[in-house]
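What you see is a predicted model; the values in this text were computed from it and never measured.
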Amino acid sequence: MKEVGFFQSVRLKLILVYILLLLLGIQVIGVYFVDRLEEELESNFTSSIEGQLSSLTYSLQNAFNTERGEDSPPLSSDLQGLLNDFSDDNRDIGKLMVVDNNQTVVAATTTSDQSPIGKKVTDTKITKVFLFGDATEPEPRREEGTNYRLFRGTNPITDESGEEIVGALYYEVYMTDIYEQLGEITSIFAKGTVLAISVTALLGILVARTITKPLTQMKRQAQIMATGDFSQKVDVKGNDEIGQLGHTFNDLNDKLKLATATTEGERRKLSSVLSNMSDGVIATDRLGAITLMNAPASKLIGQTFEEVQGQSLVDVLDLNDQIEEISEVEETSSMIIDLSSEDSHLLLKANFSVVEDENHKQDGYITVISDVTEQQRVEKERREFVSNVSHELRTPLTTMRSYIEALNDGAWQDPDIAPRFLDVTQNETDRMIRLVNDLLQLTKMDHKETSLIKERVEFVGFFNQVIDRFSMNKDEKVDFVRHLPNKNMYVWMDKDKITQVLDNVISNAIKYSPEGGSIRFDAHSTKKQLRVSITDEGIGMPPDTVEKIFDRFYRVDKSRAREMGGTGLGLAIAREMIEAHHGKIWAESREGKGTTVYFTLPLMSQKRRGQS
């Protein structure tokens, strides 16, 4: 997660909120304070100046009403003196003028070079005094050129009776001191504001840190929890809202730790179950896209999970010929899928089930697939076995029935036909007995009911005895050729069972050997095994039938084999017996060239041979 910068942090926001609130409060107080202070200063200043001007007006009135002799100074001189004295005592006075009832300036103080004395004035304020006889209210204004604040006004000068206006006093008073004082106060207030903001900012940083530090710890703890580490906890140092949040966060950590451990345990169990299942499991979403597949399923379909993830189950299992949409599997429940190729035969059985969410809505599908190739093959062989047994039994029974019916119809009285019919019947009976005995023997071996009585056997001598037995009873048309070693080779085996194997293989070699042909017997050791081969020069077999001769009831030439009295089970019994001895049996053949049957048996070790 990207680290939050200071300018984006909550800490800065809290500091700014503190400063803005303080600044807002100071500004409201400052505006109110300055406004009230300005109003109060102006009021006090105006009252003070008006009192002084009233006193000056009274002095001017006395000057106007004084009787003057020849030696007395002129009125204008007295008036000017009064104005000068007043102006010297009040530095805020900007301009004073005394106007007589002819609106002529008789005395004045001014800072300009041009004196208004002796000049007529047309100022409306002065005119109103002579017209209405009342003093005009002071009027604030700004001085041209300097832009200083000042206020001006007029006071009437009356005679002794107070009824007749003999003159007027015009004044202009500067208010510079008031605003200089107000500016100094405002400057002090501003400096205090800056100091207060600085202190507030510092305190805000400390306060914000106490608030944001636990939040920062919780953020870091959340990041650690996101990695799956629930060992650490938030350090709670208070019992306020943030402290309670810390306690709640720690409780959440404990519950998540427990939930994660439970989920991880269930996940491991599920993973173990899925991994150790012999059946394949494929999970999909509600649209049929593959979201999960275990190793057995990957092995069965020949594709990895990464290759099929997100693909449609219908396409991966090639179900397009059986269903059109994935939702149809809910109705089919299970089906057989043929994934056979040119090189291998593969049949899968797929069982489908629907996954529902907590609202009982369809959320996906679970498909369990299993390899039923062997099961189908066994089922097919079982059906073929029953069919073959029925066929093998029906043929001699039909033959016997026909001959018995013929004998019953009177053929038994014929001395030439009756013995021949009875001989055929006896032969067919013997054949059925051999068939039933072979079937019983195979059944016992399938059910592991046949026990092997093994003993230490020197195989070369044993093999020669078997060959000698056949050599004494064979026709002269077939020759036996032996390629057996002169050394002793010991095998731990059941002599009766291996004798039966050799009898079956040699009997077949004799049956299918042409007149003047030969049968070759070989035996030699390869590492820890004895390898035996019996080769005839008979008709041979097509390459595609060689591996099938060890199947039950399989015959390359059925009519000829049946005429020779074979049951079709001899080589099947031989395979079962060799495999029971932990050996292997197989054949090689070419049409018109003959057939060779091989089998192997484990040789006894030198150590075991010495103990026997």
Side-chain angles (χ1 to χ4, degrees), residues 452-541 546-547 549-550 564 566 569-612:
L452 299 178
I453 304 175
K454 292 184 178 182
E455 56 182 306
R456 178 175 176 268
V457 178
E458 198 288 303
F459 188 81
V460 176
F462 166 75
F463 196 12
N464 277 316
Q465 291 177 6
V466 176
I467 297 172
D468 290 341
R469 179 163 49 83
F470 275 94
S471 179
M472 293 174 59
N473 298 319
K474 72 177 178 66
D475 295 334
E476 294 182 358
K477 65 176 182 178
V478 180
D479 293 330
F480 285 176
V481 180
R482 307 186 195 194
H483 294 283
L484 303 178
N486 294 325
K487 63 179 182 178
N488 294 331
M489 292 184 291
Y490 292 92
V491 179
W492 188 257
M493 70 180 191
D494 187 325
K495 291 179 65 175
D496 290 339
K497 298 298 187 293
I498 300 302
T499 299
Q500 188 174 356
V501 171
L502 291 173
D503 286 351
N504 284 328
V505 176
I506 296 173
S507 297
N508 285 336
I510 294 173
K511 288 177 185 178
Y512 293 103
S513 292
E515 186 175 351
S518 62
I519 298 176
R520 188 174 70 251
F521 302 93
D522 292 281
H524 63 277
S525 61
T526 58
K527 294 183 179 181
K528 297 182 180 181
Q529 286 187 330
L530 168 68
R531 181 167 176 172
V532 180
S533 64
I534 301 171
T535 305
D536 63 51
E537 295 178 350
I539 60 175
M541 294 174 287
V546 176
E547 294 182 1
I549 63 174
F550 297 99
M564 294 179 177
L569 297 174
L571 290 179
I573 294 173
R575 181 177 64 180
E576 296 290 340
M577 290 181 176
I578 291 296
E579 290 179 352
H581 282 79
H582 305 292
K584 182 180 179 183
I585 187 169
W586 72 98
E588 294 178 357
S589 181
R590 289 191 299 171
E591 290 186 89
K593 299 294 183 179
T595 301
T596 301
V597 176
Y598 300 90
F599 68 86
T600 61
L601 292 172
L603 285 171
M604 291 181 64
S605 64
Q606 292 291 336
K607 181 178 180 181
R608 185 173 181 182
R609 191 182 306 169
Q611 293 175 350
S612 299

Within the 4.5 Å heavy-atom criterion, are [X] and [Y] side-chain neighbours or not?
{"X": "F459", "Y": "N488", "value": "no"}
{"X": "F462", "Y": "V491", "value": "no"}
{"X": "I519", "Y": "V481", "value": "no"}
{"X": "E591", "Y": "I539", "value": "no"}
{"X": "H524", "Y": "H483", "value": "no"}
{"X": "I534", "Y": "L502", "value": "yes"}
{"X": "T595", "Y": "M541", "value": "yes"}
{"X": "L603", "Y": "Y490", "value": "no"}

For [X], which residues count as a salt bridge (charged side-chain N to carboxylate O under 4.0 Å, His left out) partner, sequence neighbours excluded?
{"X": "R482", "value": "D468"}
{"X": "R520", "value": "D522"}
{"X": "D503", "value": "R469"}

Take atom CD in E455; do more than 12 heavy atoms of anything else shown fall under 6.0 Å from it?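 Yes, CD of E455 has more than 12 neighbouring heavy atoms, counting only those of other groups under 6.0 Å.
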* Given V532 and L530, is the side chain to side chain contact (heavy atoms under 4.5 Å, CB included) satisfied, shown in steps? -> CA-CA 7 Å; V532 180; L530 168 68; 4.0 Å; yes
Qualifying salt bridge (Lys or Arg N to Asp or Glu O under 4.0 Å) pairs with a residue from residues 485-495, counting only residues at least two apart or across chains: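 Residue pairs passing salt bridge (Lys or Arg N to Asp or Glu O under 4.0 Å), neighbours aside: D494-K497.
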* To do: With side chain to side chain contact (heavy atoms under 4.5 Å, CB included) as the test, would you mind laying out the steps for H581 and K454 before giving the verdict?
  => CA-CA 9 Å; H581 282 79; K454 292 184 178 182; 4.1 Å; yes
Self-check item: With sequence neighbours excluded, residues passing side chain to side chain donor-acceptor pair (under 3.5 Å) with S518
Solution: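 With sequence neighbours excluded, S518 shows a side chain to side chain donor-acceptor pair (under 3.5 Å) to E537, given in chain and number order.
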Could you tell me whether a side-chain N or O of [X] sits under 3.5 Å from a main-chain N or O of [Y], the two making a donor and an acceptor?
{"X": "T600", "Y": "R531", "value": "no"}
{"X": "E458", "Y": "G461", "value": "yes"}
{"X": "S589", "Y": "G594", "value": "yes"}
{"X": "Q465", "Y": "I467", "value": "no"}

### Counterpart residues, side chain to side chain contact (heavy atoms under 4.5 Å, CB included), relative to T596 (two or more places apart)
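Only S533, T535, Y598 meet the side chain to side chain contact (heavy atoms under 4.5 Å, CB included) criterion with T596.
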